[in-house]
Number of protein chains: 2
Amino acid sequence: MNTNLHDYAYDLEKAMRNSGEFKHLKEMYRAVTDDSEASRMFDEFRNIQMQLQQKQMEGRDISEEEVMRAQEIANRVQQNEKVTKLMEAEQQMSMTITELNKIIMKPLDELYSSMS
Amino acid sequence: MNTNLHDYAYDLEKAMRNSGEFKHLKEMYRAVTDDSEASRMFDEFRNIQMQLQQKQMEGRDISEEEVMRAQEIANRVQQNEKVTKLMEAEQQMSMTITELNKIIMKPLDELYSSMS
Ligand SMILES: [Ca+2]
Ligand SMILES: [Ca+2]
């Protein structure tokens with residue numbers, strides 16, 4: 001175990017916590033959780049997404065009814081500005097995390113690609 | 001996009017590259033790639049593992065023959081010290097990466113768990 005390596009990770013964690021993206025994401029979450037309608041809608045959307053992903057991962061069939069229900073929820077979600085703003089913030093954060101991971105994993109990527 | 005955040009990731013990348021775990025992993029890789037027998041065995045093992053994982057992810061059946069072939073390769077691999085040392089180094093690196101990810105993702109984990 002390399003203490004030094006963990007120290008750099010803690011520095012990045014602190015930077016993450018203080019970043020504009022994270023603060024924005026937190027605000028957008030708060031806006032949704034403070035609004036019972038938006039909050040219920042967001043939970044419903046997240047639940048159906050997770051259910052369908054789970055089924056897909058397990059190779060199980062997704063019924064036409066489930067697809068239609070997911071579509072119906074997605075349509076409603078798109079009408080709610082608080083929820084769409086939260087989803088945009090999540091998307092942004094997800095892209096940032098992908099970028100950070102690409103940077104951190106570069107030494108390993110290089111090592112593995114040098115093998116093949 | 002937060003430049004500062006990326007700078008911290010680059011610092012962590014450099015620390016990763018200079019870490020004992022990574023240097024050890026590189027050495028163990030070199031020992032395998034410099035040995036044609038060990039190298040061939042390692043490739044064979046990695047290929048069958050990837051094939052079986054792929055099949056599992058797609059929900060396809062894994063035949064008894066495939067299981068036996070994987071087992072046979074795994075048995076041979078366990079006899080080769082260079083390959084087993086490389087696999088131990090990979091396991092170690094994988095654990096370190098899991099730890100680092102846990103640290104970096106803590107702000108997001110906290111945010112998501114505060115919601116539910
Ligand atoms: Ca409302
Ligand atoms: Ca040999």
Side-chain angles (χ1 to χ4, degrees), chain A residues 1-30 32-33 39 42-43 46-47 55-61 86 89-90 92-97 99-112 114-116, chain B residues 1-30 32-33 39 42-43 46-47 55-61 86 89-90 92-97 99-112 114-116:
Chain A
M1 176 128 135
N2 197 315
T3 309
N4 191 250
L5 205 46
H6 289 71
D7 287 344
Y8 283 101
Y10 283 116
D11 286 345
L12 181 54
E13 188 234 320
K14 211 188 294 173
M16 170 75 97
R17 212 179 276 280
N18 294 322
S19 71
E21 286 102 316
F22 183 68
K23 285 178 178 167
H24 176 69
L25 177 63
K26 253 171 89 170
E27 273 175 41
M28 297 304 102
Y29 259 117
R30 197 155 303 146
V32 165
T33 48
S39 181
F42 184 73
D43 282 348
R46 206 165 51 167
N47 286 342
K55 278 200 152 185
Q56 210 159 25
M57 271 177 3
E58 291 168 0
R60 287 193 290 156
D61 286 340
L86 173 53
E90 283 189 325
Q92 190 59 55
M93 182 51 87
S94 163
M95 277 164 56
T96 298
I97 287 166
E99 284 169 17
L100 299 181
N101 272 328
K102 216 179 270 177
I103 293 169
I104 300 160
M105 291 303 135
K106 213 173 168 223
L108 284 169
D109 283 345
E110 284 173 10
L111 182 62
Y112 289 119
S114 76
M115 266 210 103
S116 53
Chain B
M1 175 127 138
N2 197 315
T3 309
N4 191 250
L5 205 46
H6 288 72
D7 287 344
Y8 283 101
Y10 283 116
D11 286 344
L12 180 55
E13 188 235 321
K14 211 188 292 173
M16 171 73 99
R17 211 180 278 279
N18 294 323
S19 70
E21 286 103 315
F22 184 68
K23 285 178 179 167
H24 176 68
L25 177 62
K26 253 171 89 169
E27 272 174 42
M28 296 304 103
Y29 258 117
R30 196 155 304 145
V32 165
T33 49
S39 181
F42 183 73
D43 283 348
R46 206 165 50 166
N47 286 342
K55 277 199 154 187
Q56 212 160 22
M57 270 179 4
E58 292 167 0
R60 288 193 289 156
D61 285 340
L86 172 53
E90 283 189 324
Q92 190 58 55
M93 181 51 86
S94 164
M95 276 164 57
T96 299
I97 287 166
E99 284 169 18
L100 298 181
N101 272 327
K102 216 179 271 177
I103 293 168
I104 300 162
M105 291 304 133
K106 211 170 169 226
L108 284 169
D109 283 347
E110 284 174 11
L111 182 61
Y112 289 119
S114 75
M115 266 210 103
S116 53

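By convention in this document, chain letters (A, B, ...) are assigned in the order of the sequence lines, proteins followed by strands, and residues within each chain are numbered from 1. Just so it is clear, the structure is predicted and the values come from calculations on it, not from any experiment.
The shortest distance between side-chain heavy atoms of B/Asn101 and A/Asn101 falls below 4.5 Å.
Between chain B and the residues A/Leu100, A/Asp11, A/Leu25, the most heavy-atom pairs under 4.5 angstrom are made by A/Leu100.
In this structure, chain B has no heavy atom under 4.5 Å from any part of A/Met95. With a 4.5 Å cut-off on non-hydrogen atoms, B/Phe22 touches chain A through its side chain but not through its backbone.
Checked against side chain to side chain contact (heavy atoms under 4.5 Å, CB included), A/Met105 has the following partners two or more places apart in sequence or in another chain: A/Leu108, A/Asp109, B/Met16, B/Ile97. Residues passing the side chain to side chain contact (heavy atoms under 4.5 Å, CB included) test with B/Lys106 are A/Glu13, A/Arg17, B/Glu110, sequence neighbours excluded.
With A/Tyr8 as the fixed residue, the side-chain contact (heavy atoms from CB on, under 4.5 Å) test singles out one of B/Ile103, B/Leu12, B/Ile104: B/Leu12.
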